[in-house]
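Within every chain, numbering begins at 1; the chains are lettered A, B, ... in the order of the sequence lines, protein sequences first and strands thereafter. All values below were derived from every heavy atom in this structure, side-chain atoms included, with hydrogens, water molecules and symmetry-related copies excluded. In this text, all values refer to a predicted model and were calculated from it rather than measured experimentally.
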Number of protein chains: 2
Amino acid sequence: MKSAISILRQCGIQPTPQRIAVVESVLISTAHPTADEILVFARKKCPTVSRATVYNTLNLLVEKRLIGMQAIREGAVVFDPNIQKHHHFIDEDTGDIYDIPWDQFEVRGRKAFEDFEILDVQVIMRGKRRKK
Amino acid sequence: MKSAISILRQCGIQPTPQRIAVVESVLISTAHPTADEILVFARKKCPTVSRATVYNTLNLLVEKRLIGMQAIREGAVVFDPNIQKHHHFIDEDTGDIYDIPWDQFEVRGRKAFEDFEILDVQVIMRGKRRKK
DNA sequence: CCTTTTTTCTTGACATCGTCTAAACCGATA
DNA sequence: TATCGGTTTAGACGATGTCAAGAAAAAAGG
Ligand SMILES: [Mn+2]
Ligand SMILES: [Mn+2]
Ligand SMILES: [Zn+2]
Ligand SMILES: [Zn+2]
């Protein structure tokens, strides 16, 4: 795992304590945290970091394609440290979002899309996680 | 097209001028309106209808499965008069959402889902509408 | 070092979304 | 008219996300 500092430098973003805290918070996550969850986590490393700085940094990281942003849940966008193509399953009871590997589905278009230029595709599933 | 009054009665919802205005506004739409867009439209038929009543009525209609609710866009949930299974294309420039017929895609799972009970599936595409 | 300039950060204000509550309203009934 | 249940309304509220204006920090230059 590369360090947060080197990741930021590599993208031409100046590393600061606040940005490092945000990067570490979002990249370490294996879930799909909201901005507010990242704020709480980042404050453990850098207690003074503000809401606006968290949003600014997350938007920067999305622009540089270091993380993804998914608008697939009510209420708040979530950020996604997994930038590989993949699908999502959303637990309607808990709101938890699970990554589904890309090759778990075969998605075949039966007709060509003439009017739309598709930049991103994913399968979204909603349901309940089975109690085990 | 059945009348709004009979649709409401059939679901055991008491028809009122406000509810009729909301039902007509959302069912006539061919797009994916937000609650606020429905509010503006409903006020043309019933100028005093309030925000709360629009939300209440829309939530009732979703409960009764007369319309769908899609959380696939940033900022606000959209409501969907099309309750058949279908996919969606989202224009990243305009925010417009287009219905894609269900049989336009073949979605095949390559492995069984053991841990998840899938209640809803759809393909979500994002991109740009081609200028014609 | 000291000063100036540029970049970054924080704060607080602001707009929007969606829910909730308490009071007003309204039609039916006695 | 008085009452009663269901409905609507306005406003308050909390959460999300953006923005502008300074404060702070870093860089540049002497
Ligand atoms: Mn954004
Ligand atoms: Mn709802
Ligand atoms: Zn993901
Ligand atoms: Zn639709």
Could you state the atom-to-atom distance from [atom1] of [X] to [atom2] of [N] in whole Å?
X: A:Leu60; N: D:dT18; atom1: CG; atom2: C1'; value: 15 Å
X: B:Lys45; N: D:dT8; atom1: NZ; atom2: P; value: 17 Å
X: B:Gln70; N: C:dG18; atom1: CD; atom2: P; value: 14 Å
X: A:Arg73; N: C:dC17; atom1: CZ; atom2: P; value: 19 Å
X: A:Ile13; N: C:dT7; atom1: CD1; atom2: C1'; value: 14 Å
X: A:Leu39; N: C:dC9; atom1: CG; atom2: C1'; value: 14 Å
X: B:Glu37; N: C:dG18; atom1: CD; atom2: P; value: 11 Å

With respect to the side chain of [X], which nucleotide from [options] is positioned closest?
X: B:Arg51; options: C:dT11, C:dC17, D:dT16; answer: C:dC17
X: A:Ala76; options: C:dG18, D:dT16, C:dG12; answer: D:dT16
X: B:Asp36; options: C:dG18, C:dC9, C:dC17; answer: C:dC17
X: B:Val49; options: D:dT9, C:dC9, C:dG18; answer: D:dT9

Would you say [X] places a side-chain N or O within less than 4.0 Å of OP1 or OP2 belonging to [N]?
X: A:Ser50; N: C:dC9; answer: no
X: A:Asn56; N: D:dC19; answer: no
X: A:Asn59; N: D:dG17; answer: no
X: A:Gln14; N: D:dA26; answer: no
X: B:Thr16; N: D:dG6; answer: no
X: A:Tyr55; N: D:dT18; answer: no

Touch class at under 4.0 angstrom, heavy-atom based, for A:Thr34 against every strand present: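 Since no nucleic acid heavy atom lies under 4.0 Å of A:Thr34, the category is nothing.
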
Strictly below 4.0 Å, N to O, side chains only: are [X] and [Y] in salt-bridge contact?
X: B:Asp120; Y: B:Lys85; value: no
X: B:Asp93; Y: B:Lys128; value: yes
X: B:Arg130; Y: A:Glu117; value: no

Matching residue for B:Tyr98 among B:His32, B:His87, B:Arg129 - test: side chain to side chain donor-acceptor pair (under 3.5 Å):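 Of all the options given, the one that passes is B:Arg129.
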
Student check: side-chain heavy atoms of B:Leu60 and B:Ile13 closer than 4.5 Å: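 In short, these two side chains touch, coming nearer than 4.5 Å.
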
